[in-house]
Amino acid sequence: YPTGYGEECSPKGCSEYAFIVYAIGNQLFEEESFDGSVDGIPDYTSPEPNAQILAITRDGTNRIFIERRVSGGGGGIIEDRIYRLPLVTSTPALIYGPVTETTQGFDAFTTDLEWVYFRDRSAQKFLRVPNNAAALQVHDLVATGLEVTQGLQNRAGGQRLIADKA
């Protein structure tokens, strides 16, 4: 993910730099690209060894990325999360998710430096989250029953209920 160019300035003047951000498996790296040096030290490693970092974008102070975790024996259930990783730390903040899917997940990931835009493939929707969003809670709910009630009734409760009426 080639991501940028910038200048670092001090009282002595400014110097140019360029960088690339990339992922290998569950690790995220950022390297200076002008001098060609690669330190090979990850800026982030997921606590889940089988996780994958799928997409990365960057604003002026953060790397923002999608991390996918797979459960259910490596087959069926995927859990996508969006993290914000400040340039000055190796501890990310969860800003969206986890969202559990069976096959699809997130893609089409970018930022305009104010919002992070991405596509929820299973819902076929484009979504956005502020770059500086606090962690968002997504609740995974399961229904365990269904109760059917009478929808037609007058205020006095005088509507008769008729058994086995279609």
Side-chain angles (χ1 to χ4, degrees), residues 1-72 76-143:
Y1 308 99
T3 57
Y5 165 83
E7 287 185 334
E8 287 183 343
C9 295
S10 70
K12 295 180 181 181
C14 296
S15 62
E16 298 175 327
Y17 67 93
F19 52 87
I20 61 169
V21 179
Y22 63 97
I24 299 173
N26 71 338
Q27 296 182 317
L28 182 143
F29 301 82
E30 183 169 326
E31 305 290 356
E32 160 74 49
S33 62
F34 271 168
D35 65 7
S37 66
V38 175
D39 66 13
I41 300 170
D43 294 325
Y44 167 75
T45 300
S46 173
E48 291 293 323
N50 294 326
Q52 286 187 305
I53 296 174
L54 301 178
I56 307 166
T57 190
R58 189 180 187 274
D59 63 17
T61 57
N62 300 290
R63 290 157 290 208
I64 303 164
F65 60 94
I66 299 172
E67 180 178 311
R68 174 166 292 164
R69 298 178 181 184
V70 179
S71 62
I77 307 299
I78 57 175
E79 190 179 89
D80 282 353
R81 304 160 181 251
I82 298 177
Y83 286 103
R84 178 182 55 240
L85 180 65
L87 298 177
V88 297
T89 182
S90 61
T91 305
L94 178 66
I95 62 171
Y96 193 82
V99 173
T100 303
E101 300 284 344
T102 55
T103 58
Q104 303 275 324
F106 300 146
D107 69 1
F109 195 64
T110 192
T111 183
D112 65 3
L113 305 181
E114 183 177 347
W115 296 93
V116 175
Y117 300 92
F118 58 99
R119 181 174 70 137
D120 181 335
R121 293 175 58 201
S122 64
Q124 293 296 308
K125 291 183 178 181
F126 280 99
L127 304 170
R128 70 179 189 174
V129 175
N131 280 19
N132 63 353
L136 300 175
Q137 294 289 329
V138 176
H139 300 282
D140 195 6
L141 302 176
V142 175

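Using a 4.5 Å heavy-atom threshold, the side chains of R69 and P47 count as touching. Using a 4.5 Å cut-off on side-chain heavy atoms (C-beta onward), I77 and V70 make no contact. F29 is not listed as a side-chain neighbour of V21, based on a closest heavy-atom distance of 4.5 Å or more.
Side-chain N or O atoms of Q124 include one that pairs as donor or acceptor with a backbone N or O of R121 at under 3.5 Å.
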Worksheet entry | Test side-chain contact (heavy atoms from CB on, under 4.5 Å) applied to Y83 and I95, step by step | CA-CA 6 Å; Y83 286 103; I95 62 171; over 6 Å; no

Item to complete: Verify side-chain contact (heavy atoms from CB on, under 4.5 Å) between I82 and F106, making sure each step is shown before the conclusion.
Response: CA-CA 9 Å; I82 298 177; F106 300 146; 4.2 Å; yes

Practice prompt. Take F118 and Y96 through the ring-ring contact (aromatic ring centres under 6.0 Å, His included) test and state the conclusion after the steps.
Written response: CA-CA 11 Å; F118 58 99; Y96 193 82; 5.3 Å; yes

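Taking all atoms of both residues into account, the shortest heavy-atom contact from T57 to T111 is OG1-CG2, 3.2 Å. Heavy-atom minimum distance, D43 versus L85: O-CD2, 4.0 Å. Taking both residues in full, the closest heavy atoms of N131 and R84 are given as O-NH1, 2.8 Å, listed atom of the first, atom of the second, then distance. In terms of heavy-atom proximity, I64 sits nearest to F109 at O-CE2, 3.2 Å.
With sequence neighbours left out, L87 forms a side chain to side chain contact (heavy atoms under 4.5 Å, CB included) with E30, R58, R63. Partners of E79 by side-chain hydrogen bond (donor to acceptor under 3.5 Å, both in side chains), not counting sequence neighbours, listed by chain and number: R81. Residues that satisfy the salt bridge (Lys or Arg N to Asp or Glu O under 4.0 Å) test with D112, not counting sequence neighbours, are absent from this structure. A search for salt bridge (Lys or Arg N to Asp or Glu O under 4.0 Å) contacts involving D80 returns R68, not counting sequence neighbours. With sequence neighbours left out, K125 forms a side chain to side chain contact (heavy atoms under 4.5 Å, CB included) with A123, L127. Applying the side chain to side chain contact (heavy atoms under 4.5 Å, CB included) test to N26 and every residue at least two apart in sequence or in another chain returns T45, S46, A51. Qualifying salt bridge (Lys or Arg N to Asp or Glu O under 4.0 Å) partners for R119, counting only residues two or more places apart in sequence or in other chains: D107. Residues meeting the side-chain hydrogen bond (donor to acceptor under 3.5 Å, both in side chains) test with N50, sequence neighbours left out: none. Checked against side chain to side chain contact (heavy atoms under 4.5 Å, CB included), T89 has the following partners two or more places apart in sequence or in another chain: P86, T91.
Legend: ring pair (Phe, Tyr, Trp, His ring centres under 6.0 Å) pairs involving residues 42-61, not counting sequence neighbours, sorted by first then second residue: Y44-F65.
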